[in-house]
Chemist: 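Got a structure for you, written out below as structure tokens; questions coming shortly.
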Protein chains: 2
Amino acid sequence: MNARAARGAQSRVEILEAAAAAIARDGYFGMTMRDLARATGKGLATFYSHFESKEDVLFELQRDAFDTLIRSASEAVTQAPDAATQLYLFISSHVHYVLEHRDVMRVLVHEAGALPPQRRKKIRKLKEAYFAVARDVLQALAREGCGAPAASALGEVADAELELATYNLFGMLNWIYSWHHAPTHGSAADVARSVHRLTLCGLVARCPDRRALLRAETLSTSLHRPPPLRPPQGGDL
Amino acid sequence: MNARAARGAQSRVEILEAAAAAIARDGYFGMTMRDLARATGKGLATFYSHFESKEDVLFELQRDAFDTLIRSASEAVTQAPDAATQLYLFISSHVHYVLEHRDVMRVLVHEAGALPPQRRKKIRKLKEAYFAVARDVLQALAREGCGAPAASALGEVADAELELATYNLFGMLNWIYSWHHAPTHGSAADVARSVHRLTLCGLVARCPDRRALLRAETLSTSLHRPPPLRPPQGGDL
DNA sequence: GTGAAAGCCGAACGATCGTTCGGTCAAGCG
DNA sequence: CGCTTGACCGAACGATCGTTCGGCTTTCAC
């Protein structure tokens, strides 16, 4: 029963990848099962021995993706010695995922609302877990005051501002798929640095905290081996 | 021929508003003309005396929206004395639009690719014009060095980094529609301040430039009367 | 008042959608 | 090696899609 399951799993992954590309191009309602058939070279009725329905494909696609994102981010964050480096590693992990699975990322951002309420809630739970990882990092960062000995009055960050900052961080991260073009915009590290700088010290700040940037970004290159990003081992949510 | 045209224009706006709500909920392919009929209380065939096709509705919706955004942003930017204030007014203009036309904003972000190539290019031209407004402001900001007398080595910003920063700014702005909830996240000014701060000086920077923040944000409250945001006067692109 | 024009709608058309059925075929376990 | 199991597919079903047709009603210019 081993070789059997392996082939089945591989077929499943192929279908999900083709579905991600098709949904990314036409949207969930715009993609037809016939498109998926043409893209995979399989017959139309084949998918229904792997998935219960078209909606099932979308759901498992999103669930797998968030599983991978959460696991990759959690591993990255635990490797860092300070909050600024944690932030960089979180961003780097996310950017790597986006550039390697652009279609999936587009689906995550666009098609969350296409699921029926029950399954939407399951995905939302995953999304909140991922959000929490980032918020905790930003919270630690605000408390540490960017590694400076003591936070000045200007450096204090209210809880509400922190939540807004987290949303804004995800805004930057969730938009990358739509504009990044490797030849003109550079590697994942270049993008990650830009997001990290804006989040940490903005575009033009000239201050002692700016040194923490270089420290975090250079330090992380030695810590952050390219994440494996393999699909999650199965298991119901 | 005046009262006639006025009623026609009002009907057109009502249809576009209902279409924005419907497309925001179900996506462009998910919205049906029958949904639109139910939402407006009109018959199914009525829309084809106002628009040539379903696609036409989407196109004009996006065109009107970008016209409004560009005009509102251009007006806001010209009112500011320095780059930091220009940035705040641009952000504020955008945030106001998002919070008042959340459905439209969602359509702009999600359904750009649903148009055929020719019309997609027209929308893209508008998008690039809007992008250019923001990039010019950030460029001026990088050159001015946040109002400080001279830019230090740390304050210099390369062109490539500037473009990435612009994309990241739009990432924050284009994500707001998906999370903002007035009772918990405050007014448009609160959101605009958060985005402005991250873009300018980041989350935790403690430096002289931070003073430019307060100056720009307080100054702008006297300059920035709530933008009119009325629909654009017609006229072919 | 009157004629032309425009908004409006019920009904229907062809196309295409997600899904199912019945059966073929190859592969892997006992 | 035989047999079961599951991947696979052609064909078809009912539903629903965007769009059109023909005619009815309203309304503004003259």
Side-chain angles (χ1 to χ4, degrees), chain A residues 1-23 25-62 107 111 113-116 118-119 234, chain B residues 1-23 25-62 107 111 113-116 118-119 234:
Chain A
M1 198 204 283
N2 208 344
R4 229 27 191 219
R7 287 209 335 150
Q10 187 187 349
S11 278
R12 206 189 81 105
V13 171
E14 285 177 10
I15 292 174
L16 286 181
E17 285 179 358
I23 297 178
R25 189 176 59 249
D26 302 324
Y28 173 68
F29 288 101
M31 177 205 75
T32 72
M33 298 301 274
R34 287 164 180 84
D35 290 336
L36 202 51
R38 270 187 294 272
T40 56
K42 319 240 177 192
L44 178 57
T46 303
F47 307 105
Y48 293 89
S49 46
H50 292 272
F51 300 92
E52 288 184 4
S53 64
K54 180 187 179 186
E55 173 207 307
D56 213 41
V57 177
L58 178 63
F59 173 71
E60 300 209 12
L61 180 58
Q62 297 197 19
V107 173
E111 313 295 346
L115 290 171
Q118 190 173 349
R119 300 189 130 177
Chain B
M1 197 202 281
N2 208 342
R4 212 77 165 194
R7 288 210 335 151
Q10 187 188 347
S11 277
R12 207 190 80 107
V13 170
E14 284 177 10
I15 292 174
L16 286 180
E17 284 179 358
I23 298 179
R25 188 176 58 250
D26 302 324
Y28 173 66
F29 289 101
M31 176 203 76
T32 71
M33 298 301 274
R34 287 164 179 84
D35 290 336
L36 202 50
R38 271 188 293 272
T40 57
K42 318 239 177 192
L44 177 57
T46 303
F47 306 106
Y48 292 90
S49 45
H50 292 272
F51 300 93
E52 289 183 3
S53 64
K54 181 187 180 186
E55 173 207 307
D56 214 40
V57 177
L58 178 63
F59 174 70
E60 300 210 12
L61 180 59
Q62 297 198 18
V107 174
E111 313 295 344
L115 290 171
Q118 191 174 349
R119 299 189 131 177

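Letters A, B, ... are given to chains in the order of the sequence lines, protein chains preceding strands, and every chain is numbered from 1.
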Chemist: Rounded to the nearest Å, what distance is computed from the CG atom of residue Leu58(B) to the P atom of nucleotide dT19(D)?
Modeler: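 Atom-to-atom, Leu58(B) to dT19(D), this comes out as 12 Å.
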
Chemist: CD of Gln10(B) versus C1' of dC8(C): gap in Å, rounded?
Modeler: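 To the nearest whole Å, that distance equals 16 Å.
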
Chemist: Atom CE of Met33(B) and atom P of dC9(C): how far apart are they, to the nearest Å?
Modeler: 13 Å

Chemist: Of the options dT20(D), dC8(C), dC21(C), whose atoms approach the side-chain atoms of Ala45(A) most closely?
Modeler: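 Selected nucleotide: dC21(C).
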
Chemist: Mapping Tyr28(B) and Leu44(A) to their closest nucleotides on DNA chain D, which lands nearer the 5' end?
Modeler: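 Closer to the 5' end of DNA chain D: Leu44(A).
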
Chemist: Without decimals, in angstroms, what is the distance between Glu52(A) CD and dT19(C) P?
Modeler: 10 Å

Chemist: Rounded to whole Å, how long is the line connecting atom CZ of Arg12(B) with atom C1' of dA6(C)?
Modeler: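 In whole Å, dA6(C) C1' lies 17 Å from Arg12(B) CZ.
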
Chemist: Return the nearest nucleotide to the side chain of Tyr48(B); candidates are dG10(C), dC8(C), dG18(D).
Modeler: dG18(D)

Chemist: Side chains of Thr32(A) and Asp35(A): do they bring a donor and an acceptor to under 3.5 Å?
Modeler: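 Note: Thr32(A) and Asp35(A) side chains meet the donor-acceptor criterion.
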
Chemist: Does atom CD (Glu55(B)) have a neighbourhood of more than 12 heavy atoms from anything else shown, all under 6.0 Å?
Modeler: yes

Chemist: Return the 5'-most residue of the pair Ser53(B), Thr46(A) with respect to DNA chain D, ranking by each residue's nearest nucleotide.
Modeler: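 Its nucleotide being nearer the 5' end, the pick is Thr46(A).
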
Chemist: Relative to Phe47(A), does Lys54(A) satisfy both conditions: NZ or CZ under 6.0 angstrom from the six-membered ring centre, and within 45 degrees of the ring's axis?
Modeler: no

Chemist: Calculate the interatomic distance between Phe47(B) atom CZ and dT19(D) atom C1'; express it in whole Å.
Modeler: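 Distance check: Phe47(B) CZ to dT19(D) C1' gives 13 Å.
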
Chemist: Nearest heavy-atom pair of Ser49(B) and Thr46(B): which atoms, and what distance?
Modeler: OG-O, 2.6 Å

Chemist: Do you know which two heavy atoms are closest between Gln62(B) and Leu115(B), and how far apart they sit?
Modeler: OE1-CD1, 4.1 Å

Chemist: Could you tell me whether the phosphate oxygens of dA6(C), OP1 or OP2, come under 4.0 Å of any side-chain nitrogen or oxygen in His50(B)?
Modeler: no

Chemist: Choose from dC8(C), dC17(C), dG18(D) the nucleotide whose nearest atom is closest to any side-chain atom of Thr32(A).
Modeler: dC17(C)

Chemist: Rounded to whole angstroms, how far apart are CZ on Phe29(A) and C1' on dT16(D)?
Modeler: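 It is 13 Å, rounded to the nearest whole Å.
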
Chemist: Whole Å only: how far is the CZ atom of Phe51(A) from the P atom of dA7(D)?
Modeler: 11 Å

